[in-house]
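Report on the structure given below.
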Amino acid sequence: MRPPTDHSAYHGPTAELLEALKARDYLGVLPLCQQQLEQCLTAEALIHLHIAVQGLNWPGLAARIRHLGWLCFPTRFLACAEPDLAPETEAPEWLINWLSPPKRPVVSLCMIVRDAEDTLLASLRSAESLVDEMMLIDTGSRDQTPVLAQSFSPKVRLSEIPWPNDFAAARNVSLQAAQGDWVLVLDADEILLPQSQLFLKAFFGYAPLGLNLFIIRQHQLSDTPGHNHWAQLGRIFAKKPGLVFHGPLHEQLCNTSPPWFLYPVYLPEVIVEHSGQLDVMRQKHQKQSRNALLDQALQKAEYNTPYFWFQKGHVLLYQTQPPALAEARIWLEKALEATAQAQGKLPTSPTWLGAPLGLNLYYLLECLFWQKALPAMAQIGQSYTDLFSLAESRALGGWSMIKSGHLNEGYRLLNGFFEPGLPAVHSHLKRYTALVQEALLDYYLARREGWLALCSLQALQAIQPHPGQAWIRQRLLEILGSSEEQLAPLLLRLWAESTPAQPEQWFKYAFVALSLFPQRAYLPMILTQLQANGYLSVAKHLAQAANQYWQDPSFSNQMDKTKSLWSGGETAMTELPGQWRWYQLLQHPGAIHSAEHQPDRV
């Protein structure tokens with residue numbers, strides 16, 4: 001029998017498991033779930049296990065499954081506190097030992113250090129309460145780093161080795177020395193934030209099961225205030241034979257045993273703050289010189305994979321002056337195409353590594369934008385419609401599509417730019433917000449949507465000057481048959497006429513009212529209509545935002561009459577009508593004039 005070639009064969013539900021669930025043979029479901037979970041932890045496997053455990057009336061274990069599910073898959077499991085229940089003793093031993101181990105799992109911190117006396121102690125302090133041992137590998141410090149490390153805590157086990165000219169080799173030394181059940185990898189210039197420490201204390205209470213790589217967020221500090229970057233890194237995993245780091249630079253964890261893949265689970269609540277990209281740190285550690293390792297690696301067959309092609313494109317685009325756009329485009333296109341074709345399939349070797357698809361797409365679109373290759377941008381957008389996972393790529397893709405005449409496809413992408421919690425690489429998105437508003441203006445002009453075009457023009461004017469804006473505004477006023485003085489009363493009249501028979505029209509005019517005239521007088525009317533139409537979560541969120549924005553508790557008081565109907569929880573975005581970019585209103589009234597879009601939850 002030929003081995004399977006795709007991921008789903010290893011972590012998808014089997015027909016036997018589904019039949020057992022349908023027949024309510026919950027004892028029969030348990031070993032089938034165990035087989036899946038020993039391969040990898042997935043939301044589906046936890047859901048099936050939860051159904052079976054509930055059916056067997058084991059509430060303690062069911063509560064533990066739900067809590068673990070919420071930690072790892074917050075979009076699939078409801079929020080809950082960590083249960084303090086004794087597990088049922090009649091359950092299988094593997095299940096009890098996994099969900100409620102008799103002894104708390106041992107956690108190892110693995111770190112490689114060199115000349116890190118400025119940042120090391122802060123990094124160690126941020127992880128001290130979480131870990132049982134700290135495996136530090138010093139690769140040739142000439143400052144006080146070894147002395148500081150040894151005097152920090154009895155948990156520290158320091159080894160000194162010559163620099164092997166290979167980051168993976170150094171990391172593997174620390175990994176081989178680790179004795180824990182869990183491994184947490186940090187760099188000496190990273191600090192775990194306090195809320196992340198609380199999260200990980202709960203997470204490390206479960207024994208590891210399956211071949212998973214847990215992804216955390218890295219907040220990269222910048223010398224320019226407000227221009228910080230975000231990255232996603234695989235830093236948490238079970239200590240198992242066959243797991244090693246691979247790559248002389250930008251090293252990645254690999255599984256050297258078939259089926260060779262590690263199933264990624266994203267933990268957005270775990271955030272590390274990284275100071276290594278500050279100018280003073282880059283100069284101290286001569287980080288630019290490390291790129292020579294990448295060029296050497298690409299000469300070898302084992303590193304000739306999409307992940308390292310992507311890294312080469314990144315260096316040429318962002319770390320080369322001036323950017324080598326033509327060459328960067330070749331590497332990024334090559335990496336994106338190969339990784340997309342392999343998506344969902346098992347790697348062909350333990351060292352085959354794909355590129356991060358969402359980031360690869362964004363870098364390629366940025367490269368094409370700088371090249372002014374508009375048709376190529378639109379073509380890329382149409383070819384990879386499922387990969388627009390970042391705010392920046394949606395801005396660039398939607399802008400290029402509308403500029404190329406693909407109005408509907410571009411409009412869908414641009415609306416996605418305003419999704420609450422949409423991840424972004426940058427914390428300051430002024431340039432991309434301007435592109436979105438410029439493209440939306442073109443779209444609304446093409447559709448002769450005068451009110452919405454005026455709204456986007458107003459937003460664009462607040463971000464950056466445009467030589468044609470005055471003429472466009474005058475033309476829009478002619479289309480609307482109005483003047484500056486008549487806008488507000490005309491809008492109120494149209495608004496009144498569209499209520500309640502045309503709810504979509506009403507919401508559109510409400511959006512325009514807050515966009516063009518962010519005045520307190522509109523809020524009570526909007527809140528009343530939201531409540532009357534049953535949009536209670538949106539009304540509550542908007543009232544709280546208005547209270548915070550204007551420091552007026554009367555807006556929160558608007559919610560008193562619907563308090564008994566309000567169910568709590570996060571804002572239910574599914575109840576929002578149409579695609580009128582309500583996220584801006586939920587930030588605060590008048591937010592259309594703000595160029596900021598903060599990535600929050602993923």
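Any value given below was found using the heavy atoms of this structure, including those in side chains, with hydrogens, waters and symmetry copies removed.
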Discussion item. Please tell me whether Tyr432 and His426 form a close aromatic pair, meaning their ring centres lie under 6.0 Å apart.
Written reply: yes
Query raised in the report: Are Trp182 and Phe237 near enough that their ring centres are under 6.0 Å apart?
Result: no
Donor-acceptor under 3.5 Å (Asn212 side chain, Phe214 main chain): no
With a 4.5 Å heavy-atom cut-off, do Arg394 and Val436 have their side chains touching?
-> no
Do Asn172 side-chain atoms and Ala168 backbone N/O form a donor-acceptor pair below 3.5 Å?
yes
Could you tell me whether Arg171 and Asp166 have a side-chain N and a carboxylate O separated by less than 4.0 Å? no
Residue pairs passing the salt bridge (charged side-chain N to carboxylate O under 4.0 Å, His left out) test with at least one member in residues 344-359, sequence neighbours excluded, are none
Smallest heavy-atom separation, Ser389 atom then Pro423 atom, equals O-CG, 3.2 Å
Pair Tyr307 + Trp352: ring centers closer than 6.0 Å
no
Fill in: Side-chain H-bond candidate by donor/acceptor type, His67 with Tyr206, under 3.5 Å
yes
Query raised in the report: Strictly under 6.0 Å, is that where the ring centroids of His7 and Tyr263 end up?
Result: no
Could you tell me whether Lys403 and Glu438 make a salt bridge, using a distance below 4.0 angstrom between a side-chain N and a carboxylate O? yes
With distance as the sole test, does Asn228 use its side chain to make a donor-acceptor pair with the main-chain N or O of Ser222 at under 3.5 Å? yes
Trp163 and Phe167 aromatic ring geometry - parallel, tilted or perpendicular at 30°/60° bounds:
perpendicular
query = Are any of the side-chain heavy atoms of Phe204 and Ile236 separated by less than 4.5 Å?
reply = yes
The single option from Lys155, Lys239, Arg157 that satisfies salt bridge (Lys or Arg N to Asp or Glu O under 4.0 Å) with Glu133 is Arg157
Minimal heavy-atom distance between Phe77 and Ile47, with the atoms involved, is CZ-CG1, 3.7 Å
Backbone of Leu148 reached by a side-chain donor or acceptor of Ser151 within 3.5 Å: yes
Legend entry - N/O donor-acceptor pair under 3.5 Å between Asp181 side chain and Pro105 backbone: no
Ring pair (Phe, Tyr, Trp, His ring centres under 6.0 Å) filter on His48, not counting sequence neighbours, yields none
In short, Gly210 meets Lys240 closest at the heavy-atom pair O-NZ, 3.1 Å
Problem - Flag for Gln218-Gln220: side-chain donor and acceptor within less than 3.5 Å - result: yes
Judged by atom type as modelled, is there a donor-acceptor pair below 3.5 Å linking the side chain of Asn304 to the main-chain atoms of Leu298? no
Here the pair of heavy atoms bringing Pro350 nearest to Asn255 is CB-O, 3.4 Å
- Do Lys312 and Leu294 have side-chain heavy atoms sitting under 4.5 Å apart? yes
### Message
If the threshold is 4.0 Å, N to carboxylate O, is there a salt bridge linking Glu269 and Arg217?
### Response
no
Closest non-hydrogen atoms of Leu267 and Leu71, given as atom of the first, atom of the second and distance, are CD2-O, 3.8 Å
Any ion pair linking Asp187 and Arg235 (charged N to carboxylate O, less than 4.0 Å)? yes
request  = Measure from the side-chain N and O atoms of Arg76 to the backbone N and O of Ala43, and report whether any donor-acceptor pair falls under 3.5 Å.
outcome  = no
Worksheet item: Side-chain contact, heavy-atom cut-off 4.5 Å: Leu130 with Val107?
Response: no
- May I ask you to test the Val173-Met135 pair for a side-chain heavy-atom distance under 4.5 Å? no
| query | Any chance the side chains of Arg329 and Gln371 put a donor and an acceptor closer than 3.5 Å? | reply | yes
Does the Thr42 side chain pair with the main chain of Ala45, one donor and one acceptor, at a distance under 3.5 Å? yes
Between the side chain of Ser196 and the main-chain N/O of Ile271, is any donor-acceptor distance below 3.5 Å? yes
Is it true that Arg104 and Asp132 have a side-chain N and a carboxylate O under 4.0 angstrom from each other? no
Under 3.5 Å, side chain of Gln197 to main-chain N/O of Leu192, donor-acceptor pair present? yes
Item to check | Side-chain donor-acceptor contact under 3.5 Å, Asp189 with His274 | outcome: yes
Is the closest side-chain donor-acceptor distance between Glu190 and Ser123 under 3.5 Å?
no
- Query: For the rings on Tyr303 and His246, is their centre-to-centre separation under 6.0 Å?
  - Reply: yes
- Query: Just checking, is any N or O donor in the side chain of Gln379 or Ser383 under 3.5 Å from an acceptor N or O on the other one?
  - Reply: yes
Notebook entry, point to check: Is the Tyr318 to Tyr363 ring centre distance short of 6.0 Å?
Noted result: yes
Under the criterion side chain to side chain donor-acceptor pair (under 3.5 Å), I'd like the reasoning laid out for Gln35 against Gln39: C-alpha separation, chi angles, the key distance, then a yes or no.
CA-CA 7 Å; Gln35 291 174 18; Gln39 288 292 339; over 6 Å; no
Salt bridge or not between Arg431 and Glu392? Use side-chain N to carboxylate O under 4.0 Å.
no
* Asked: With side chains defined as the heavy atoms from C-beta onward, is the minimum distance between Asn291 and Thr320 less than 4.5 Å?
  -> no
Shortest non-hydrogen pair, Leu175 vs Val244, comes out as CD2-CA, 4.3 Å
I want to check something: taking the side chain as every heavy atom from C-beta on, are Val265 and Leu213 in contact at a cut-off of under 4.5 Å?
no
*Would you call the rings of His314 and Phe310 parallel, tilted or perpendicular, where under 30° means parallel and over 60° means perpendicular?*
tilted
Task: pair Leu249-Gln311: side-chain heavy atoms closer than 4.5 Å - done: no
